[in-house]
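Let me begin by presenting the structure, written as structure tokens, before commenting on it.
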Amino acid sequence: MQKPPRANPYRDAWAGDLDAGRAGSSARVAGWVHRRRDHGGLIFVDLRDRSGIVQLVFHPDQPEAFAAAERLRPEHVLSAQGEVVRRAPENVNPNIPTGEIELQVAEVTPLAESETPPFPIDEDTPVDEMLRLRHRMLDLRREGMRDALVLRDAVIRTMRETLAAEDFLEIETPILTRSTPEGARDFLVPNRREPGTWYALPQSPQLFKQLLMMSGYERYYQIARCFRDEDTRADRQAEFTQLDVEMGFVEEDDVLGVMERLMAKVFALAGFDVPAPPWERLPYDEAMLRWGSDRPDRRFGLEIVDVGDALRGSDFKVFESVLGSGGVVRAINAGNQSLSRSELDGLNEVVQRHGGKAVAWATVEETGAWRSPIAKFLGPERTQAAGELLGASFGDLLLFVADQRDVAATALGGLRLELGRRFGLISEDVHDVHWVVDFPMFERTEEGWTAMHHPFTAPTGSFDDPGAMRSRGYDIVVDGSELGGGSIRIHEQDVQRKVFELLGMDEEEAQSRFGFLLDALRFGAPPHGGIALGIDRVVAVMAGRDSIRDVIAFPKTASGQDPLTGAPAEIDERQLRELGLRLR
Ligand code: ASP
């Protein structure tokens, strides 16, 4: 800890801060019984507080303290005073910072007892997550959770300090607001004063931060809680925390520059070793082509190669009909891997899980020829040309997907990741950070167009060909996770109107939903842009945790339940009546 505690009846020192420098002096510490051992007439207690652990020793020649120690059990709370003494060399514990000393207890004050916890606090053994969440107050006592929350604090503090030093202002925006458009479902809060009207919880402070730019608060940030009522998706939380940033009179280099300086400092906190910025800016099309993902994990190879031109014109009907209808044939050289027939068949399932139909395979023989059910239809010239593109050599396994471009890209992207994991190609010590840029502005849906980022992102290109328009958006991607994204925004009224129009919003709807933004655009809106980073994900990636639940003090389960408080819960009849609500 940075500062000793004020001496009070409970403690005058932090347990984890006592060291050999204090030997010979008296100290009083307070905390929980981490572990207790009886040893040939002596009782040892590892006492834990937030700072760490110190060993207490109870001698029978201090009968009162010794008797109290006999009654101590794990997680009892106490205060103890005694002399800090050096341990004999053979008893030094090099694994803890206080391992050279122990506290010989002269006096102990039991402060609270504890029932036997439902799982051990003193070991980081795996425990059923429902049990951990049900007893989160105990789970948070465990070292792994404490380390994660300490890291989280350091990350957020570094963000605040860096941005303050870059002249940003921290400004809060409302939690009770009206629907903001990030594309998910809103959480709604009924308005008691006017039944039938609703607040929405913000999916992000997007519109407020844009208004702040229009009000002249040119560099804004906030550690913002965001709410999205999405169906269960892997490792998402209905409420999550973003570092939300917006800047006035900027272009991409300004926003990305600030974020690179900030993230380089954040990564350094945990010795998360990434190259020094500037970080590569990867165009979306290239990411999709080579890695089959808009958040590519580039820590390993297995890149995707387009072999359509090399294989075109063969007798293999499947490839020909796909190529003939504007589709693609793409492939991965999976390297020298021998998979059994059933393992190869199993790859179809992998591809199907990622939206594809099937995968074709070939293995390269010593002569360079392909052993494959499809080789004879393709013919040696084509297989040789494709083999060259794939850098194929003897023993390599080649995997092909033929489909429409986006489907093939995603299917191979999913296959690539799965193979990377299965073959153990992903090293935890190598990290990759880059930007993805030049996203399509709009995506086609059955009903028309939607904005790929959000409708306030500045487009490039012509509205005559919306499918070809790009956005001035950017995502930051680390080890295959999207840690955040943002864009340069629209600051011209007519462009904003055109975007709304293309999204199928008529004048009236645009006015009713976003009238305040359209109004603001009429009164001198500066060019502006910003970004938001998912803090939960940043900390999880840095802490090497699979789930963001492990870096949130009080998370909910994947289905949105909080086993600790029992939320969400029913409300009583009176509350419903007050709100003017009736359940159907
Ligand atoms: N508000 C956006 C989001 O939450 C980020 C941004 O455009 O700044 O995804």
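On a predicted model such as this, the values are computed, not experimentally measured, just so you know. In each ligand, atom 1 is the first atom listed, and ligand 1 is the first ligand listed.
Taking only nitrogen or oxygen atoms, main chain and side chain alike, Ser487 does not reach within less than 3.5 Å of ligand 1. For Gln206, a nitrogen or oxygen atom sits less than 3.5 Å from a nitrogen or oxygen atom of ligand 1, counting backbone and side chain alike. For ligand 1, the polar-atom distance check against Gln242 finds a nitrogen or oxygen pair separated by under 3.5 Å. For the pair Glu246 and ligand 1, the shortest N or O to N or O distance does not fall below 3.5 Å.
At a heavy-atom cutoff of 4.0 Å, ligand 1 is contacted by the side chain of Ser204 but not by its backbone. When non-hydrogen atoms are compared, ligand 1 lies under 4.0 Å from neither the backbone nor the side chain of Glu482.
Side chain of Tyr474 to main chain of Ser487: a donor-acceptor pair is present (N/O by atom type, distance under 3.5 Å, no hydrogens or angles).
The existence of a salt bridge linking Arg228 and Glu239 is excluded, since no basic side-chain nitrogen approaches an acidic carboxylate oxygen closer than 4.0 Å. Salt-bridge annotation for Arg185 and Glu230: absent, with no side-chain N of the basic residue lying under 4.0 Å from a carboxylate O of the acidic one. Looking at Asp153 and Arg157, a side-chain N of the basic residue comes within less than 4.0 Å of a carboxylate O on the acidic one, giving a salt bridge.
In this structure, a donor-acceptor pair under 3.5 Å is absent between the side chains of Gln237 and Asp536.
Residue Arg489 places a heavy atom under 4.0 Å from ligand 1. Ligand 1 is never approached by Gln210 to a heavy-atom distance shorter than 4.0 Å.
Less than 4.0 angstrom separates some heavy atom of Lys209 from each of these atoms of ligand 1: 6 (C), 8 (O).
Applying the salt bridge (Lys or Arg N to Asp or Glu O under 4.0 Å) test to residues at least two apart or on different chains, the pairs with a partner in residues 463-479 are Glu252-Arg472, Asp285-Arg470, Arg299-Asp479. For residues 191-210, the pairs satisfying salt bridge (Lys or Arg N to Asp or Glu O under 4.0 Å) are Lys209-Asp244, Lys209-Glu246, with sequence neighbours left out.
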